[in-house]
J.: 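The structure's right below; bear with me while I get my questions together.
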Protein chains: 2
Amino acid sequence: MKRISSRATSFDVAALAGVSQSAVSRAFTPGSSIAEEKRAKVLEAARKLNYVPNSIASSLTTKRTNIIALILGNMGNPFYVHVLHEFSRRLQALGRQVLIFTVDPGSESDEAILRALQYQIDGVILTAAQLSTRMTSLCHDRGIPIVLFNRYIPGSDASGVRCDNVGGGRLIAEAFLAAGAKSFAMITGDPKGTTSQDRVRGFVERLMEEGIRRSEIEEVGGQSSYDGAARAALTLFGDRAKPRPDALFGINDIMAMGAIDALRYRLALKIPDDLMVAGFDDIPEARRAPYKLTTVRQPINQMVEQTLALMHLDEPDRPIERGIDMPLASRLIWRSTIPVPPAYRSDVADDAGMDEAG
Amino acid sequence: MKRISSRATSFDVAALAGVSQSAVSRAFTPGSSIAEEKRAKVLEAARKLNYVPNSIASSLTTKRTNIIALILGNMGNPFYVHVLHEFSRRLQALGRQVLIFTVDPGSESDEAILRALQYQIDGVILTAAQLSTRMTSLCHDRGIPIVLFNRYIPGSDASGVRCDNVGGGRLIAEAFLAAGAKSFAMITGDPKGTTSQDRVRGFVERLMEEGIRRSEIEEVGGQSSYDGAARAALTLFGDRAKPRPDALFGINDIMAMGAIDALRYRLALKIPDDLMVAGFDDIPEARRAPYKLTTVRQPINQMVEQTLALMHLDEPDRPIERGIDMPLASRLIWRSTIPVPPAYRSDVADDAGMDEAG
DNA sequence: CTGAAAGCGCTAACAT
DNA sequence: ATGTTAGCGCTTTCAG
């Protein structure tokens, strides 16, 4: 394998194949009109020269890079890892590449978006951080769709994909009530994030319908992390003198897991005997034996699908639809951290033989 | 904020600022010679036009995209998630972007590398999958460094960064022996991967030094996943008639965790009373209360650092060093899945107050 | 179906 | 310090 030149161009290939440079371009463009025989000749020459088409150069004229920016915060939450994986798989299958940006959860995403813009990305998916209206219009003015994943920003032009968090919060409250809980506590996530707010809202709303006062519902922030929630659980339940709530809602699974571990291993509480617990997301870890967490499932695949649909990758010139927000239905998954009331017996998740990937 | 043109170019900015186009380029290039006053004028015009420099266009001439390809398999293993996060953070800080490729663990990475090459990436980091020599030379011939993370390929030109897996395997064996174990089992990972092979080798090697025969050491594959390891543990220990080994080495933490959960919740075994267990990697989850896994720590930060150093991002023209492979030292972390022999008491990890991020 | 030629938006000499 | 000019590697008219 000789080293003719470090990076052969379409001209080099053309020369070797004895054709014009445009012919080379055509040979590599599916569906362009070129004689099959000529294409073969070009491909052969390309192979000899180790030619790899330069997408950077082509995107200069086509105005499409096939790169999608994915902005992530909080990779400590497996939910987002799962999401990243799903996007990566799907986009790769669609011939797109994923450019990753990590930001501190809850911080501004402006800088990341600005950097993404420099790369002329075809779209941006935002799973974390705040989004300024300035960035939104910066993207939209260039025809670049930006979709918020698992969040929305009221009044924003950016579209969002999420599940019905308010409804999910209600489902949890409903389950606790059905299991006979009388007093309640929550570990909340990012106070600025609508996701946490909505789950709290639905939860509280449903409880208030039963005559429970908001002030009776205890609440501590868990920073959306395992460790933060473990600490939160300790401050909520550590004082053995105080009467202890009999139901705890972790606003997401990773926090519910942190809380459960702290409750069991630090406070020696039995779940669900001493205390029932629920989470939200249904991350793969939630079904593991130590947790068997009762939780609300987010329909990740649907959400990813809908995100992709909103970006209209195949119709780049289509005007961007602003501010679309259609929450997807969420569903309660009964496992073992809430005693299952008779009426729900048949709903209990059968995780047997079900791999996490599934 | 009016919409002058969807994407202003440096010419538009130049026109508005009343300067030449090169002046605009200079204004955005740190360290280039331009009067401060003129730069200000340019920046002002750029702001008015919402101008964002087009790095795609600039890389056409500079021959540098500042994009690094990161090829990942097995995102189900938190170890790699952690690695991804670390690379993303560090590279972003260095003004580089990360382009993600996910491949099925153990499969060929050729296609992913080919796609990366089209984007003229400045380097590739490979954390999974096989690497053909053809791809290696394809990259190297173009001056693109490719480094294998947590693996190496004997005889390959690609450099690798990893810890001393053989030594780590020995450390585990040593710990089991010190704790009085007499019979042993392993759950192995990718049989084609040197990482799993080396850990096994070190482990077995050390045991054989004590006169234990290789054939006495039981071994089942766990597919490098939580679920795979849970199944493996069941086949290893499910037969209650058979004498049961008293030490189990999970070739990585996620598998050790899967095994532990299966042993405890399916077979009602006590750890470490009935059976001692060890893992490898020291992922953040390993120190959680349900596991408190005794394991070998991989020095991720050092590994990331060394990977970056091997790529010589700041000296793009430097000839690529071939086949560098200097395993970093690994270290045993004592926790609770192996009874701690008196001599090691002071070594026990104090994870208190230590957040996972840390 | 094919080749010639004109850019895409920017950087990098090269003059001035 | 600044403007002019020639590309970078490709796609896309436009003729033929």
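Just so we're on the same page: letters track the sequence lines, and every chain starts at 1.
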J.: Does B:R7 make a side-chain donor-acceptor contact with the base of C:dG9, cut-off 3.5 Å?
T.: no

J.: Expressed in angstrom and rounded to an integer, what is the separation of A:Q120 atom CD from D:dC10 atom P?
T.: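 About 19 Å, once rounded to whole Å.
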
J.: Please pick, from D:dC10, D:dT2, C:dG3, the nucleotide with the shortest atom-to-atom distance to any side-chain atom of B:S33.
T.: D:dT2

J.: What is the distance from atom CD1 of A:I125 to atom CG of A:L308, rounded to the nearest 0.5 Å?
T.: 6.5 Å

J.: Quick one: A:R26 CZ to D:dG9 C1', roughly how many Å, whole number?
T.: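 Nearest whole value for this atom pair: 16 Å.
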
J.: Checking contacts here: which listed nucleotide (C:dA12, C:dC10, D:dC10) is nearest the side-chain heavy atoms of B:T62?
T.: C:dA12

J.: Could you tell me the separation between the CG atom of B:L60 and the P atom of C:dT11, rounded to a whole number of Å?
T.: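 After rounding, the gap between these two atoms is 11 Å.
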
J.: May I have the distance from A:Q21 (atom CD) to D:dT12 (atom P), rounded to whole angstrom?
T.: 12 Å

J.: Rounded to whole Å, how long is the line connecting atom CG of B:L117 with atom P of D:dG9?
T.: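 Distance check: B:L117 CG to D:dG9 P gives 14 Å.
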
J.: Side chain of A:T136, backbone of A:A158: donor and acceptor closer than 3.5 Å?
T.: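 Side chain of A:T136 to backbone of A:A158: no pair is present.
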
J.: Let's see if you can work this out: which of D:dT11, C:dT2, D:dT2 has an atom nearest to the side-chain heavy atoms of B:I34?
T.: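 Within the option list, the nearest is D:dT2.
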
J.: Does a donor on one side chain sit under 3.5 Å from an acceptor on the other, for B:D190 and B:S224?
T.: no

J.: Taking only Lys NZ, Arg NE, NH1 and NH2, and the carboxylate oxygens of Asp or Glu, determine whether B:D325 and B:R162 approach each other closer than 4.0 Å.
T.: yes

J.: Using a cut-off of strictly less than 4.0 Å, decide whether B:K63 has a side-chain nitrogen or oxygen near OP1 or OP2 of D:dG7.
T.: no

J.: Could you check B:A57 against A:S20 and say which one's nearest nucleotide on DNA chain C is further toward the 5' end?
T.: A:S20

J.: What is the distance, rounded to the nearest whole Å, between atom CD1 of B:I56 and atom C1' of C:dG7?
T.: 18 Å

J.: Rounding to an integer number of Å, can you tell me how far A:R142 CZ sits from C:dG9 C1'?
T.: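 Atom CZ in A:R142 sits about 13 Å away from atom C1' in C:dG9.
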
J.: Less than 4.0 Å between a side-chain N and a carboxylate O, is that true for A:E37 and A:K41?
T.: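 A:E37 and A:K41: not salt-bridged.
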
J.: Identify, between B:G18 and A:F11, the residue whose nearest nucleotide on DNA chain D lies closer to the 5' end.
T.: B:G18

J.: Using the side-chain heavy atoms of B:S22, tell me which of these nucleotides is nearest: D:dA1, D:dT11, D:dT5.
T.: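 Nearest nucleotide to the side chain: D:dT5.
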
J.: I need the CG-P distance between B:N54 and D:dC8, as an integer number of Å.
T.: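 My rounded result for the distance is 18 Å.
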
J.: Determine: side-chain N/O of A:T61 to OP1/OP2 of D:dT12, distance under 4.0 Å, yes or no.
T.: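 For D:dT12, OP1/OP2 do not have a side-chain N/O of A:T61 under 4.0 Å.
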
J.: Is the shortest side-chain N/O distance from A:Y119 to OP1 or OP2 of C:dG9 below 4.0 Å?
T.: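 No, outside the criterion.
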
J.: Report which part of the nucleic acid A:Y51 touches: base, sugar-phosphate, or nothing (heavy-atom distance under 4.0 Å, all strands).
T.: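 Contact class for A:Y51: sugar-phosphate only.
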
